[in-house]
Protein chains: 2
Amino acid sequence: MRGRDEGPMTKPAPTAEQDRRRLPPQERRAQIVDAAVSFFADEGLDGNTRDLAKRLGVTQSLIFKYFDNKQALLEAVYAHVYLDRISPDWSDLLRDRSRTLRDRMITFYSEYGDRIFDYAWMRIFMFSGLAGADLNRRYLTHLSQTLLLPMLDEIRHEVGRDDAVTPEDLWSLHGGIVYIGIRKHIYKMPVPADPLPEIVRVIDRFLASIGHGPAH
Amino acid sequence: MRGRDEGPMTKPAPTAEQDRRRLPPQERRAQIVDAAVSFFADEGLDGNTRDLAKRLGVTQSLIFKYFDNKQALLEAVYAHVYLDRISPDWSDLLRDRSRTLRDRMITFYSEYGDRIFDYAWMRIFMFSGLAGADLNRRYLTHLSQTLLLPMLDEIRHEVGRDDAVTPEDLWSLHGGIVYIGIRKHIYKMPVPADPLPEIVRVIDRFLASIGHGPAH
DNA sequence: CCCGCAAGTGATCGCATGATCAATAAGCGG
DNA sequence: CCGCTTATTGATCATGCGATCACTTGCGGG
């Protein structure tokens, strides 16, 4: 059994680079991880390796040449998906008092939204959360420590009163924004194509409610 | 193999009703569904029927005497879990202009929270959402039509301006509250034991931001 | 041009899981 | 107390899936 086209005298016809049969290991490995991210995002973490192989156009056994077992593949998927999801700049951005608080929060959540309103990310995060992966708790703890709590400090500093806002308040703000992505990618509900206007509205409502309208 | 206790002359020892071997079909069926709800909430929708049977203390084959196949069992689980999750009273409650808007919203979200901040509900809702079940979209559409849009009307009526608040704004409010349950039951993060105070704060912030403080 | 390394394949193993069915025994009516 | 109905069991089948391995073949270096 060969690829396609049984016509005589037809060369392998390398229409493009992607038809190449043999790839350098590093490249193939990356290709498998990429496909696995998209595949497990669709099918869930117990999607089977035969279907994944089918998507890749290779045999199932090849996957196990690059990963000792499925768990190792999943860990590569996690690493690929969780990597660089939180920018190291955001912590400083949020503390940069040369900019208005509103400006900082909008910039942060705008950039954060760009990174997390992503089909594969949202779904794999949710799948691994449901599976009880510790990764999620570590991610959220890190998010809280490096971003939400600094944001809390800045808000309290701006308002001048510490009792005006609590960590839970910031989780609610955060949830209101993240929920846009959940509705879109988990529940497949219609949401605005561009989430930025709603992000701005949520932040403005939040600031207005603690006495800091857009004017500030 | 018998229950426990190999001592001589010990009767079947019906310590309680629950040790009974044979149950009336209706009762056994309900028992299976109950256990399945809790089981699939823990393990995900592809938890296996042998482990479920183990929890029930019956054989795996018995489950298939009550349900033609696993899919039928899952549908019974959905029906049991989705049933009565939205009270028919809430729609009227939200429109009851003899009460303040704040009071109505707090009452609604307090009662709503009581019903959805539930381990099995949250997880099965999320599992079925990820699996692409249409049930979730129907549930959320229903929620929007019967509760969020009426709430929107009431808010607009109260504020006197229609452009002060959009449907998306209400989804963000909703998300901010629901996210408490997601953090607790999906991500297993620490959250306040009683969510009510935070619910009140979220609603008060929302109302304050559109010029309707707690005083109104 | 062709040799040899290793990327890729195909067949297969063992186990888990959904589903089936004949055999068993619990418990009720008489 | 007996016998019948049927709830429940235990054994078994078929299939799907992770994993392994001997082999084949693409392809770069000499």
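Computed from a prediction, not measured in an experiment: that's the story for all the values here. Computed from heavy atoms alone, side chains included, the values below leave out hydrogens, waters and symmetry copies. Letters A, B, ... mirror the listed sequences (proteins, then strands); counts begin at 1.
We find that CD1 of B/Ile63 is positioned 13 Å from P of C/dT17, with the value rounded to whole Å. Computed from coordinates, the A/Arg21 CZ to C/dC5 C1' distance equals 18 Å when rounded to whole Å. Atom pair A/Lys54:NZ and C/dG8:C1' shows a separation of 18 Å (rounding to whole Å applied). Separating the CD atom of A/Glu27 from the P atom of D/dG26 is a distance of 18 Å, rounded to the nearest angstrom. In this entry the distance linking CG of A/Leu23 with P of D/dG28 reads 11 Å, nearest Å. Going from atom CZ of A/Arg29 over to atom P of C/dA7 covers 13 Å, rounded to whole Å. Rounded to whole Å, the distance from CG on B/Leu52 to P on C/dA19 is 13 Å. Atom pair A/Leu73:CG and D/dA19:P shows a separation of 10 Å (rounding to whole Å applied).
Under the 3.5 Å distance criterion, with hydrogens and angles disregarded, no donor-acceptor pair is assigned to the side chains of A/Glu27 and A/Gln31.
Each of D/dT9, C/dA19, C/dA7 was ranked by its minimum atom distance to the side chain of B/Asn69; first place goes to C/dA19.
Interface remark: the A/Ser61 side chain does not form any donor-acceptor pair with the C/dG8 base, using a distance-only criterion of under 3.5 Å. Side-chain N/O atoms of A/Arg22 and base N/O atoms of C/dA6 include a donor-acceptor pair closer than 3.5 Å. Side-chain atoms of A/Lys65 and base atoms of D/dT20 include no donor and acceptor less than 3.5 Å apart.
One N or O on the side chain of B/Arg156 and one on the backbone of B/Val165 form a donor-acceptor pair closer than 3.5 Å. For the pair A/Ser144 (side chain) and A/Leu140 (backbone), a donor-acceptor distance under 3.5 Å is absent.
Salt bridge status for A/Glu154 with A/Arg99: absent, with no side-chain N to carboxylate O gap under 4.0 Å. A salt bridge links B/Arg137 to B/Asp134: one of the charged nitrogens lies within less than 4.0 Å of a carboxylate oxygen. Looking at A/Lys54 and A/Asp51, a side-chain N of the basic residue comes within less than 4.0 Å of a carboxylate O on the acidic one, giving a salt bridge. A salt bridge does not link B/Asp96 to B/Arg104: none of the charged side-chain nitrogens sits closer than 4.0 Å to a carboxylate oxygen.
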Protein N or O to nucleotides 13-17 of chain D N or O, pairs below 3.5 Å:
unit_1: D/dC17; atom_1: OP1; unit_2: A/Asn48; atom_2: ND2; d: 2.7

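Side-chain N/O atoms of B/Tyr66 include none lying less than 4.0 angstrom from OP1 or OP2 on D/dA7.
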